[in-house]
Amino acid sequence: MFVYSDNAATMPLSREAFEAMLPFLRDNFGNASSVYGVAREAARALHGAREDVARALGAKPEEIYFTGGGTESDNWALKGAAEARRARGRHIVTTAIEHHAVLHTAEYLGRQGCEITLLPVDERGLVSPEQVRDALRPDTALVSVMLANNEIGTIEPIREIAAVTRAHGALFHTDAVQAVGHIPVDVTELGVDLLSLAGHKFGGPKGVGALYIRKGVRLPPLLHGGGHERGLRSGTENVAGAVGLAAALTRAVQTLPETMALVAARRARVIDGLSRIPFSLLTGDPVRRLPGNISFVFEAVEGESLVLGLDMVGVCASSGSACSSGSLDPSHVLLAIGLPHEVAHGSLRLTISENNTEEEIDYLIEQVTNIVARSRRMSPLWNEETQSPTERFWPQGVPASL
Amino acid sequence: MYSEKVMDHFSNPRNVGELPDANAVGKVGNPKCGDIMKMMMRIENDVIADVKFKTFGCGAAVATSSMATELVKGRTVTEALALTNKAVAEALDGLPPVKMHCSVLAEEAIKSAISDYYLRQGIDPVPIVGCNVDCEHCH
Ligand SMILES: Cc1ncc(COP(=O)(O)O)c(C=O)c1O
C-alpha cells in the first residue's frame, strides 16, 4: 500500500486546480499586460482568480497580491513592514515556533539594525495575547505570529493577538500557510493587516502564493519593474499558477466544514491508535489543532529512521529530528515546547487529508506501531525484555500523559 | 540522498542484537545529539569471532554500524583497529556529507569495544588503541 501522509509538506494538485490551469499551460499563453484578445483573456482569468481568493478570505480583490509562494509572502511582509514603519521604530515581535521563512527573515532584519523579540510558547505551543501585550513597546513596528504551526499543528489565538497589536498601533502579520484551506480563515474577522498563504498547501500548484495587504496599509514594492500587482510585485504574472491557486482554494473553502469533520475524525483515530504505543507522547495542543496534524514523539528511537522505515512500507511521513534537518539540533519548535533534545529526536509527523481512506488510516496505525517497535529492538536505549526505556531524559519531570 | 547500499543495510541490518557472551563492549555517541552506537564483540585469540550492535540514530547511523560489523567480523584485532571511517563510508558507496559523522561514530565504536577488551585484561588500551574515545561531546 502507498499512503501519502505528509500533506503539510505539500499536497497533490487538486483536480479543480489542474482543470483550471490547463488552458493557460496549453493554448492561452498571453501576457496579461498586453492588449490583444489572448492577453485580455489571461488578464480576465487573473482578475477572476484574485476575486476568488479575496472571496475565500473575506478580503477585497485589490488587497490580494500574488507572489512566488509562502516564503516570498513572509519575506515581503516582514521586510516591507520593517521598512514601512521605520520612522515609528525598529522593534519586531515574533515567536520561537515560526517557520524559517519568518524566523530567518527576522534574524536578517536583526542584523540590519532591527531589534527582535522572540516570544516563547507554552508546552502545547501556544502564545497568549497577554504575552504579546507585554512585549509591545512604543517603537514596535510589527508583530508576526503564525496562524497554525506546521510541525505540531497548534492554532494560535490570532484574533485576540491581532486586536492587542493593532490597538497599540503596530502592524500585524500572520503566516497562515498551514491554515488556509484547512480551517476557516477570514481576514476581516481575524483583524490582521498582512497574511501569507501558499497554493501548494491546499491543492494548488507549487511556486505560487499570495500576500493579503489590508487596504490602507502601505508596503514598499517587493520587486521593482514593469508595475505588475499594483506596482508592488513586478514581473509577468504566473496566470496558470494564480488560476490554479484560486481554483484549489475555492474548492477547499466550499467543502471546508465536511472536510474538517472528516479529517478530524480520522485524525482522532490515528492519535488514539498511536497513543497506545508505550512511551509515546502527542505533541501540540489536543484541541486547538489543525484537523490533519498528528505529531508524536517516541522515546528511545530516532525520527529519521522512523521516516525511512515507514518509507520501506510505502508511508510518507516526516520528522523534526536533527538528522532529518541535517543539523545538530532537533527542530526549534520541539525545543520551544520544552522537549529535551533526547526526546525531540524521536519525533514523527503525519499530516493526513481527505484523500486518505479508512483503510489507509488503519495501515498508518499498524505500520507506525511496527516501525517504532522495530527501531526500539535495535536501540541501546530500549530494554526489550521490560518493554521500557533504559534511561529517561526528562530533567523537568516526565509529562503526566506519559 | 542515501545510496542503495545504505538503504540495504538500513532495511536489513547485519549483526543487530545482543551478544550475551561478549568480552568487549563499547558504547559511543550521545543521546542529546541523536545517535548512540553500542558495539559488542566476542574476541578469541585476538580474532573477532562474533560481533553485534545496537544503534539509536538515523538511517546512516544504523547502516554504518551494520557495515562496520561486517568489516570487522572474523578479522584480527589489529585489522579491526586499522578500520577507518572513510573505509566504512566507501563500503556503503558513500554517505551524504552531513552524515559522515555517523561513519566516525562507527569507527569509534569499534575502537571503544577493543579498548574494553584490553581493559578487562588489565592492559592499558591507550598505547594500542589511542584515545579511548569516551568523548562526551557531540560530533
Ligand atoms: C508555516 C509555513 N510558512 C511558510 C512556508 C513556506 O512556504 P513555501 O515553501 O511555499 O514557500 C511553509 C511551508 O513549508 C510553512 O509551513
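First the proteins, then the strands, lettered A, B, ... as listed; each starts at 1.
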[atom1] ([X]) with more than 12 external heavy atoms under 6.0 Å:
X      : atom1 : result
B:D21  : CG    : yes
B:E4   : CD    : no
A:Q396 : CD    : no

key: Separation of A:T390 OG1 from B:K38 NZ (nearest 0.5 Å)   =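 Between atom NZ of B:K38 and atom OG1 of A:T390 there are 8.5 Å.
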request  = Mind checking the NZ-CZ spacing from B:K32 to A:F393? Nearest 0.5 Å is all I need.
outcome  =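 Output value for this atom pair is 11.5 Å.
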ask   = Who wins among B:G34, B:G17, B:P13 for the most heavy-atom pairs under 4.5 Å with chain A?
value =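 Top count of heavy-atom pairs under 4.5 Å with chain A: B:G34.
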Which residues from [range] are near chain B, with near meaning under 4.5 Å between non-hydrogen atoms?
range                       : result
residues 372-381 of chain A : A:R374, A:R377, A:M378, A:S379, A:P380, A:L381
residues 304-314 of chain A : A:E304, A:S305, A:L308, A:G309, A:M312
residues 334-348 of chain A : A:H341, A:E342, A:H345

request  = Go through the atoms of B:M40 and report whether side chain, backbone, both or neither lie under 4.5 Å from a heavy atom of chain A.
outcome  =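 Interface part for B:M40: neither.
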ask   = Non-hydrogen atoms of chain A under 4.5 Å away: do they reach the side chain of B:P96, the backbone, both or neither?
value =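 Neither; nothing under 4.5 Å.
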Would you give me the side-chain donor-acceptor pairs under 3.5 Å for residues 275-285 of chain A, sequence neighbours excluded?
{"from": "A:S275", "atom 1": "OG", "to": "A:I271", "atom 2": "O", "distance (Å)": "2.6"}
{"from": "A:R276", "atom 1": "NH2", "to": "A:D272", "atom 2": "OD2", "distance (Å)": "2.7"}
{"from": "A:S280", "atom 1": "OG", "to": "A:L274", "atom 2": "O", "distance (Å)": "3.2"}
{"from": "A:S280", "atom 1": "OG", "to": "A:I277", "atom 2": "O", "distance (Å)": "2.8"}
{"from": "A:T283", "atom 1": "OG1", "to": "A:S295", "atom 2": "O", "distance (Å)": "3.1"}
{"from": "A:T283", "atom 1": "OG1", "to": "A:S295", "atom 2": "OG", "distance (Å)": "2.9"}
{"from": "A:D285", "atom 1": "OD1", "to": "A:V287", "atom 2": "N", "distance (Å)": "2.8"}
{"from": "A:D285", "atom 1": "OD1", "to": "A:R288", "atom 2": "N", "distance (Å)": "2.9"}

